[in-house]
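First the structure, in the form of structure tokens, and then the observations on it.
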Amino acid sequence: MAEGSLKSTVRVSITNFLDSGSIVAGSVGLTMWTKHFGLSTLEVGVLGALSANAFGAALGAVIGGPLSDKFGRRFIYVYDMLVYMIGTLLVAFANSFAMLLAGFIVIGIAVGAGVPASWSYIGETAAGTERAKNIGVSQFAWSLGPAVIFIAALLLNPLGLLGNRLIFGGLTIVAFIAWNLQRTLPESQDWLDQKAEEKRVGHKSAINAHPYRTLFSNKTSIKWLLFLIGVYALWNLVAGSQGMFLPYIFESVVKLDATQSSLLNILIWVLTALSTYFGFAKFGDKVDHRFFFGVGAIMSLLSWILLTFWGMSQSWALWAFAALWGISAGIGAQAWYALWATELFPTQFRAGSQGIMFFIVRASAGLYSIFVPTIMAQLGFSVGGYIMIGILIVSLIIGLIWTPQTRGKSLEEITKEQYGEEFLNEDQKKKLQ
């Protein structure tokens, strides 16, 4: 990985750390906020649904993706973390349910706006065909967020709700550091070349057609939109529910204490971080994608089978679930989505397509999140577990059947192969010669 590319990737990846960190910070404080404000299960569901885990991020993505394609990847970084800091401060000082909810929504918008820009930027600045390595570094940062937050929650647990407020204060500080690092990033050269080509050709070529008219009318782009939504949106229904409600489930359904819940979640996220770095980042550019994806997807399925059938009564099953899910999450659907979403769309609507997909992914998670607490409380955990298993099976099947063959190819080669030479600008054509 080129040194400049690595530095840019690390700076951009802080956005992913703050994304997952804010989700888990909200999650670990959910029981305390529920008691403090006397929230109903519906209100708990609404908090999850409108957070960075769901609708908040969905709204941000559908705004940030098109802005990133129109004004540049760097444009997002100048403002995004400022919005994030407003959200974290609202939560840190929340004195009502309305203020808490507003903070969750604002954080979600900032997170959603940053994700399409960051994954596009990382993929476009990757050296040669080392995109999985770069994406892996970014996903490693995403995995570290929950690990750090759960450790902080464990240490601050004696402080009760004040501890959760301090965690959001800490996220504010990290966001300020990220803003200072990211606002000085150089613009993606791919994006600059694309805009120069659009000016040169005017309206004479497909390269300057309205990007979203092309996105929704081109058979290839529609095919990959449906594929990625099928793989990632379904998997994220499970992962998103875990991210927001797993501590709540451990404490309210399994009846673990806060320390036991935190230790299980720390194990999950430490293993996720390790498998991301030593698995996906190290081998994603080298190992057959269908096989690699399948291993992660099967492990995630097995983890929920264990949790559903034995996890409520057997402690070994809880720890086995944590180990299997943790490893699978590092090499599973999210990492592959981040990679494939960058590869399978041309520069002119790369971030915008991700914004649309991320909107659908997080919005569907939001709808599901509204009902998760009620399903667990009224229908029982087993019914919820059966639903999770069914969702993971469908995601696995879609991923295995339609795995894209992009390993070892440059972005220019993939674009030409999938869309034709008319979607390449002059600089990209020269790279292929």
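Please read all numbers here as calculations on a predicted model, not as lab measurements.
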Grab the two heavy atoms, one from [X] and one from [Y], that are nearest each other, plus how far apart they are.
X: L30; Y: L47; result: CD1-CD1, 4.0 Å
X: A363; Y: A58; result: N-CB, 3.6 Å
X: M99; Y: A94; result: SD-CA, 3.6 Å
X: R165; Y: V91; result: NH1-O, 4.0 Å
X: W304; Y: L392; result: CD1-CD1, 3.9 Å
X: Y84; Y: A175; result: CD2-CB, 3.5 Å

Using only atom types and a distance under 3.5 Å, with no angle test, would you say the side chain of [X] pairs donor to acceptor with the backbone of [Y]?
X: S364; Y: V361; result: yes
X: N265; Y: S261; result: yes
X: T9; Y: I122; result: no
X: R131; Y: G123; result: no
X: S275; Y: L271; result: yes
X: W191; Y: D69; result: yes
X: S395; Y: V231; result: yes
X: T172; Y: F168; result: yes
X: R11; Y: A178; result: no
X: S118; Y: V115; result: yes

Would you kindly say whether [X] and [Y] are connected by a side-chain donor-acceptor distance under 3.5 Å?
X: W33; Y: E43; result: no
X: S328; Y: S300; result: no
X: Q354; Y: S68; result: no

Within a strict 4.5 Å, meaning less than it, do heavy atoms of the [X] and [Y] side chains meet?
X: L225; Y: F216; result: yes
X: Q405; Y: E417; result: no
X: T415; Y: Q418; result: no
X: F71; Y: V78; result: no
X: E343; Y: P404; result: no
X: W235; Y: Y337; result: no
X: N236; Y: R362; result: yes
X: Y368; Y: I387; result: yes

Show me, pair by pair, the donor-acceptor contacts under 3.5 angstrom made by side chains of residues 140-151, not counting sequence neighbours?
residue, atom, partner, partner atom, Å
S143, OG, Q139, O, 2.9
S143, OG, T276, OG1, 3.3

- Taking the six-membered ring for Trp and the single ring otherwise, decide whether the centroids of Y232 and W336 are under 6.0 Å apart. no
More than 12 heavy atoms from other groups under 6.0 Å of [atom1] on [X]:
X: K429; atom1: NZ; result: yes
X: F176; atom1: CZ; result: no
X: K70; atom1: NZ; result: no
X: Y79; atom1: OH; result: no

- Message: Evaluate L264 against F321 for side-chain contact (heavy atoms from CB on, under 4.5 Å), listing each step before the verdict.
- Response: CA-CA 9 Å; L264 280 166; F321 159 78; over 6 Å; no
- Task: Apply side-chain contact (heavy atoms from CB on, under 4.5 Å) to M357 and I360, showing your working.
- Result: CA-CA 5 Å; M357 289 186 291; I360 294 171; 5.8 Å; no
Name each donor-acceptor pair under 3.5 Å that joins a side chain in residues 283-299 to protein atoms two or more places apart or in another chain, with its distance.
residue, atom, partner, partner atom, Å
D285, OD1, A132, N, 3.1
D285, OD2, K133, N, 3.1
D288, OD2, R290, N, 3.3
D288, OD2, F291, N, 3.0
H289, NE2, G284, O, 3.0
R290, NE, L400, O, 2.6

- With a 4.0 Å cut-off, would you call R73 and D190 a salt bridge?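 Here R73 does not pair with D190 in a salt bridge, since their nearest N and O are not under 4.0 Å apart.
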- Message: Walk me through whether W402 and L226 qualify under side-chain contact (heavy atoms from CB on, under 4.5 Å).
- Response: CA-CA 11 Å; W402 288 288; L226 293 175; over 6 Å; no
- Task: Measure the spacing between CE of M388 and OG of S303 and express it to the nearest 0.5 Å.
- Result: 10.5 Å
- Going from CG on L344 to CG on L411, what distance comes out if it is rounded to the nearest 0.5 angstrom? 10.0 Å
- Step by step, would you call V394 with I398 a side-chain contact (heavy atoms from CB on, under 4.5 Å)? CA-CA 6 Å; V394 177; I398 292 172; 3.9 Å; yes
- Query: Does the pair W340 and F227 meet the rule for a ring pair (Phe, Tyr, Trp, His ring centres under 6.0 Å), with working shown?
  - Reply: CA-CA 10 Å; W340 291 333; F227 166 76; 5.6 Å; yes
- Where does the angle between the aromatic ring planes of F345 and Y419 fall among parallel (under 30°), tilted (30 to 60°) and perpendicular (over 60°)? tilted
